[in-house]
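These notes concern the structure reproduced below.
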Amino acid sequence: MGNTKQDTKSSNKKKEAAIRIGFFQLFRFATCRETLMMVGGSVCAFLHGSAQPLMLLVFGMLTDTFIEYDIELQELLDPRKECINNTIQWKNQSTFNLQENFPAMLLDIEYEMTNFAYYYVAIGCAVFLLGYLQISLWVTSAARQIQIIRKMYFRKVMRMEIGWFDCNSTGELNTRMSDDINKINDAIADQVSIFIQRFTTFVCGFAMGFVKGWKLTLVIIAASPLIGVGAALMALFVAKLTGQELQAYAKAGAVADEVLTSIRTVAAFGGELKEVERYDKNLISAQRWGIRKGLIMGFFTGYMWFIIFLCYALAFWYGSSLVVDTQEYSPGTLLQVFFGVLIAALNLGQASPCLEAFAAGRGAATIIFETIDREPDIDCLSEAGYKLDKVKGDIEFHNVTFHYPSRPEVVILDKLSVAVNSGETTAFVGPSGAGKSTAVQLIQRFYDPKEGMVTLDGHDIRGLNIQWLRSLMGIVEQEPVLFATTIAENIRYGRPGVTLDDIIHATKEANAYNFIMDLPQKFDTLVGEGGGQMSGGQKQRIAIARALVRNPRILLLDMATSALDNESEAVVQEALDKVRNGRTTISIAHRLSTIKNADVIVGYEHGRAVERGKHDELLERKGVYFTLVTLQSQGDKALNQKARQMAGNDEPEQKSLSRAGSYRASLRYCRTTSLMMHFTSFSQGLISHICAFVEEEEVEEQVEPAPVTRILKYNAPEWPYMLFGTIGAAVNGGVNPVYSLLFSQILATFSIPDPEAQRREINGICMFFVLVGVTSFITQMLQGYAFSKSGELLTRRLRRMGFHAMLGQEVGWFDDHRNSPGALTTRLATDASQVQGATGSQIGMIVNSLTNIGVAVIISFYFSWKLSLVILCFLPFLALSGGFQAKMLTGFAKQDKQAMEDAGRISGEALNNIRTIAGLGKEQRFVEMYEAHLEAPYQAAKQKANVYGACYGFAQCVVFMANSASYRFGGYLVRQEGLHFSLVFRVISAIVTSGTALGRASSYTPDYAKAKISAARFFQLLDRVPKIRVYSNEGDKWPDFRGNLEFIDCKFTYPTRPDIQVLNGLNVSVKPGQTLAFVGSSGCGKSTSVQLLERFYDPDQGKVIIDGHDSTQVNVSYLRSKIGIVSQEPILFDCSIGDNIKYGDNLREVSMNDIISASKKAQLHDFVMTLPEKYDTNVGSQGSQLSRGQKQRIAIARAIIRDPKILLLDEATSALDTESEKTVQEALDKAREGRTCIVIAHRLSTIQNSDIIAVMSRGFVIEQGPHDQLMALKGAYYKLVTTGAPIS
């Protein structure tokens, strides 16, 4: 019964949450030694936690002593009393007054203080020791446990079957190994001890309060909900307002995104400044919410301080009445209770962040522990299974059905039955996805079949020992994986304990020996990450040598030559033919040339073997094999023809070929350099992309932080706000020391003999507390509002300027992937708002702590300069300890990460190439390497534990030491120099509070460095001078723009792809009013020539001449204002139809009549009038509410309204159906009248009536002239028209 119950429970628990692990289960790998360490650490933490309340006991006694001493002094000042036998009594010995005799010996205050100083020192030393022990014990034990977890996790992952890796991405596993295990570390290390310590302090503080004075404790607790409510409300409002602010900014962000995605349209129609205005409008509401948020935060911070000061007033007023009127408490008790509760509350607040770490750790541990507990389906490290004495090498599939665990719905092998005879070469052919490679993976036992079985010499391979089974096989894959070590080591991976002679023999067989000996370091050449330093053919041959060195019975060749060029293919193929003899060989290939000479050819289709036989037999059957052969031979013919043509053709063709070669080489070079740092082994294409990213990202990030002065310059207009904010901050800074003034004043009242005067004093002081509270409230609000206002205005200004600068860049700048619309919008969103951190609030913080320290020092020096000097010696330490504790909270995670990098590299390489490792049976080797690399981080962690513990202990005990020295010296001053004891308290508390404030301020500053770097990135953008300047007024303008165009010898490459020549000497010209049509296959540079005319780019060589002016000398906005463009996919903005048409001319206010006449010309007017809202209909984002033909016509109307001299039609009708095409074509023919026009088209029907038709190929014009002339030429154009093919 019990069992079933528990089962249902656990299944419910699984559904519940990601956290399925109790806190104490995190420690399941602790041995006795670790458990002892943790228990010891906890005991230390517990004792340490009780130290602060203990110190209050001493403090209370100390206070009482001072006060008694002061009362005695005052008694002795009374001339009628004298001290006899340590008793103060009236001089005239009259008996009726005897009860007034004081039972006090004139206290030796110095002696008493020395005792107290010893107490303090003792507590301080104990705290140092306990702090050191609690941290170092916990951190050390955690380091050991984490090392165990890492080892177990990696070992278990390496034992998993391949199917498991299909379902878990290697990237995810890598992050789990680093980040998730670090999270567990955070949850089981120092955070636990700190939590125990703080919690103990909290309990002890309250306990002390209740034991020493329950009445006062209850009064103080009664007020605390107000603070809690304040904090809760603040959190609530801030969350809500942040949401509102983000929402408001999202609108502006959407504008920015829309504009940046369609930057070419914006540039073509000169809408930059208009867009900046539209963006700015949307920023206003975000700014308003931001300011509100600042105000509310200021209000609540002020409110909390106000309540706290009211609490002080209440506690002291009620407490002093208990001391003076009912005499229940001594003044010391009052302090003990008051501070006990205060400290308890503070520590409770500080203990809560630890809980987050615990939760995160449990969440992370869930997955990791589940992996550690999972038993692999196919355990490659197990000793089980038997080994055959003699292996022939017959492999047979019996009715095998299989699907991959990651895609259970797709059946890959469907009742496959096929036999492979020993000593023969069997080729598997068939279309991709027919299950050829899968069959090979089943032979290696990477997977087990769902039904049926695979046998080796008649034994089911599931009964054989896996390591032994895999050691029989050599495998050469399509994309061979080499490990980042030397060639010799890579070959050694094939079999442990190989001699160099074996290696040389294997390389000779694999045709690799000669090229290896040509390398400068021969066999000791490093192959680079993933073998990146080697060419494909070289890698392939090393992989073959690695397979041969195993001396395998069974050779598996999975498309071993498909990734190679012809030359290397021949070499590799020859090597393979050499080694196949006498072995059972299974070869999978797509190139049929490679398998004609196989003994048996098996044709696959849909997961079944459908035919088997020799080459000639299968050709006669006209089945799968026949279709593959015929397809290939046709393809080969076409290729050969093309090669011949190219040889016959002229030199540019050759050029582009060599270019392509160098492009590959450059990729390979770039890959090897950057991948030294980033290991990945994706397919080459992917890698080249990645590495381009990697390299550029690294270039991008190194920005010099911007100087603060420049940031402030942008904030200059807000100086009145900054001034008021600074004043508020200054007053706030002064509040802390004033508090210490009042506090000591209260103590002084307790030694006033006259009860009436005492009451008056106390009431006055309590009123003063209230006053300070009110002031604090007002100034906090002022500070919050003023700085948020100045900060938000700065953010808005920067965003606007940034956006303005972005739109001013040349179009080529946007091609760079670092400047993709997404990246730019985030830069506007985050960088601009982070800059705030360097101005307003930052200044507030600095001013706040400076005034705090300033006022404290002034107060203390005014009252007693000697004592102040003594305490000032401790100030640097106090500040240090404050700062250090702030750093403790952020933890030391960064240093750990670096130590883990080597181990991470190994685990990364192992996980990425898991199939190769499994095939070679090298899992154990990688596990050992990984564990060896864990030693260094573990030692580092142990050292760190000691350093960290010592620092923590020091930070904790400094306060005690400072107190002991200063009270001892204070006692001396009170005795020798007649200093009033309240001044001792005043000076000490003033400086001690300011010291901790100093430490805190250094930690709470919003990330100042981050702000400076964000600012620097922003300024980089603002300072960048675009190559083609939109905003400048320089450049030629002339009154009679005719539209006479000429391209002279233009050469051009896109800046992001400098290896690919797009235009290769383009020569073509158009007279005013003529129509020029470009035709040609895609990528031949048709659209590019149009972009040069728009001056999105300038040609690298050659010129574009417009009315006799060189385009690079013409004013950009003037030139663009004369050009109208209609592109294939017209981009509309998310506003009304009327506004979209108006967008055509941003230089004037467009009237409704203009819009209507333009849309009539574009055959659009009638359609618009059928809509309910006519021209005010919103088109949706990117025009999604309209059909393509409608969008196209709006775009034409937009182009017409500019009244351009030049009309560019870039495949304007290609995306339409026939009917809309007719309408749009009519509209276009109307629009072309009297304008110079350049048409790019795929459908030849649309361009037959052009004045000039230019046929382009590979970036230059092969033939040009009117339709009839080109038809007579019988060249390229004639072919295109007669075949009627659309030119893609």
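If you read the sequence from its start, that first residue is 1, and numbering goes on from there.
The shortest distance between side-chain heavy atoms of R797 and P717 falls below 4.5 Å. A 4.5 Å side-chain heavy-atom check between L793 and Y721 finds at least one atom pair inside the cut-off. Counting only heavy atoms from C-beta outward, the side chains of P331 and D64 approach each other to under 4.5 Å. The side-chain heavy atoms of F954 and F128, taken from C-beta on, include a pair separated by under 4.5 Å. Residues W719 and F724 have side chains not in contact (no heavy-atom distance under 4.5 Å, counting atoms from C-beta outward). Between Q336 and F59 the shortest side-chain heavy-atom distance does not fall below 4.5 Å. With a 4.5 Å cut-off on side-chain heavy atoms, K789 and E718 do not count as touching. Side-chain contact between F981 and I109 is absent, with no heavy atoms from C-beta onward closer than 4.5 Å.
Remark: L747 CG to H980 NE2 distance equals 10.0 Å, nearest 0.5 Å. In this structure, L741 CG and I859 CD1 are separated by 4.0 Å, a value rounded to the nearest 0.5 Å. Taken from CG in L310 to CZ in F769, the straight-line distance is 10.5 Å, to the nearest 0.5 Å. To the nearest 0.5 Å, the span separating CZ on R198 from CD on Q191 amounts to 8.5 Å. Expressed to the nearest 0.5 Å, how far CD1 of I746 lies from CG of L335 amounts to 9.0 Å. Here the straight-line distance linking atom OH of Y739 with atom OG of S744 works out to 10.0 Å at 0.5 Å rounding.
Using a cutoff of 4.0 Å between basic side-chain nitrogens and carboxylate oxygens, D325 and R759 are scored as salt-bridged.
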Margin query: Between E792 and K293, does the salt bridge (Lys or Arg N to Asp or Glu O under 4.0 Å) criterion hold? Intermediate values first, please.
Written below: CA-CA 10 Å; E792 290 295 327; K293 183 167 96 177; over 6 Å; no
Margin query: Between V974 and M113, does the side chain to side chain contact (heavy atoms under 4.5 Å, CB included) criterion hold? Intermediate values first, please.
Written below: CA-CA 10 Å; V974 170; M113 282 304 129; over 6 Å; no
Next item on the list: Kindly determine whether T65 and F116 satisfy side chain to side chain contact (heavy atoms under 4.5 Å, CB included), including the steps that lead there.
Entry: CA-CA 10 Å; T65 314; F116 285 126; 3.4 Å; yes
Next item on the list: Take F237 and F299 through the test ring pair (Phe, Tyr, Trp, His ring centres under 6.0 Å) and record every step on the way to the result.
Entry: CA-CA 11 Å; F237 275 114; F299 172 82; 8.7 Å; no
Next item on the list: List the steps and the verdict of ring pair (Phe, Tyr, Trp, His ring centres under 6.0 Å) for Y69 and F66.
Entry: CA-CA 5 Å; Y69 177 73; F66 266 131; 7.7 Å; no
Checklist line | Verdict with supporting geometry, F202 and F206, ring pair (Phe, Tyr, Trp, His ring centres under 6.0 Å) | finding: CA-CA 6 Å; F202 161 70; F206 267 120; 5.4 Å; yes
Next item on the list: Determine, step by step, whether F316 and I762 satisfy the side chain to side chain contact (heavy atoms under 4.5 Å, CB included) criterion, reporting the C-alpha distance in whole Å, the side-chain angles of both residues, the deciding distance to 0.1 Å, and the verdict.
Entry: CA-CA 8 Å; F316 279 131; I762 286 171; 6.0 Å; no
Next item on the list: Decide ring pair (Phe, Tyr, Trp, His ring centres under 6.0 Å) for Y967 and F985; before the verdict, give the C-alpha distance in whole Å, the side-chain angles of both, and the deciding distance to 0.1 Å.
Entry: CA-CA 8 Å; Y967 283 120; F985 283 99; 5.7 Å; yes
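Distance alone, capped at 3.5 Å, places no donor-acceptor pair between the T63 side chain and the G332 backbone. Looking at S966, its side chain never comes within 3.5 Å of a backbone N or O of I871 through a donor-acceptor pair. A donor-acceptor contact shorter than 3.5 Å is absent between the side chain of T749 and the backbone of Q758. Within the 3.5 Å criterion, the main-chain N or O of G725 finds no donor-acceptor partner in the side chain of Q783. Not a single donor-acceptor pair under 3.5 Å links the side chain of T333 to the backbone N or O of K212.
The two residues T779 and G728 come nearest to each other via the heavy atoms CB-O, 3.7 Å. Listed here is the closest heavy atom pair of V735 and S776: CG2-CB, 4.4 Å. Considering all non-hydrogen atoms of both residues, R800 and D280 come closest at NH1-OD2, 2.9 Å. Taking every heavy atom of both residues into account, I71 and F750 meet most closely at CD1-O, 4.4 Å.
Shown here is F861, whose CZ atom has more than 12 heavy atoms of other residues, nucleotides or ligands within 6.0 Å. Within a 6.0 Å sphere centred on CE of M297, other residues, nucleotides and ligands contribute 12 heavy atoms or fewer. In this structure, Y318 places its OH atom where more than 12 heavy-atom neighbours from other residues, nucleotides or ligands lie under 6.0 Å away. More than 12 heavy atoms of other shown residues, nucleotides or ligands fall within 6.0 angstrom of atom CZ in F210.
Defined by atom type and a distance below 3.5 Å, a donor-acceptor pair is present between the side-chain atoms of Y952 and Q197. Counting only N and O atoms by type, the side chains of Y972 and R968 include no donor and acceptor under 3.5 Å apart.
Ring-centre distance between F338 and Y329: not below the 6.0 Å cut-off.
Judged by a 6.0 Å distance limit and a 45° cone about the ring axis, R986 is not positioned over the six-membered ring of F743. Cation-pi geometry between R292 and Y785 is not met at under 6.0 angstrom from the ring centre and within 45 degrees of the axis.
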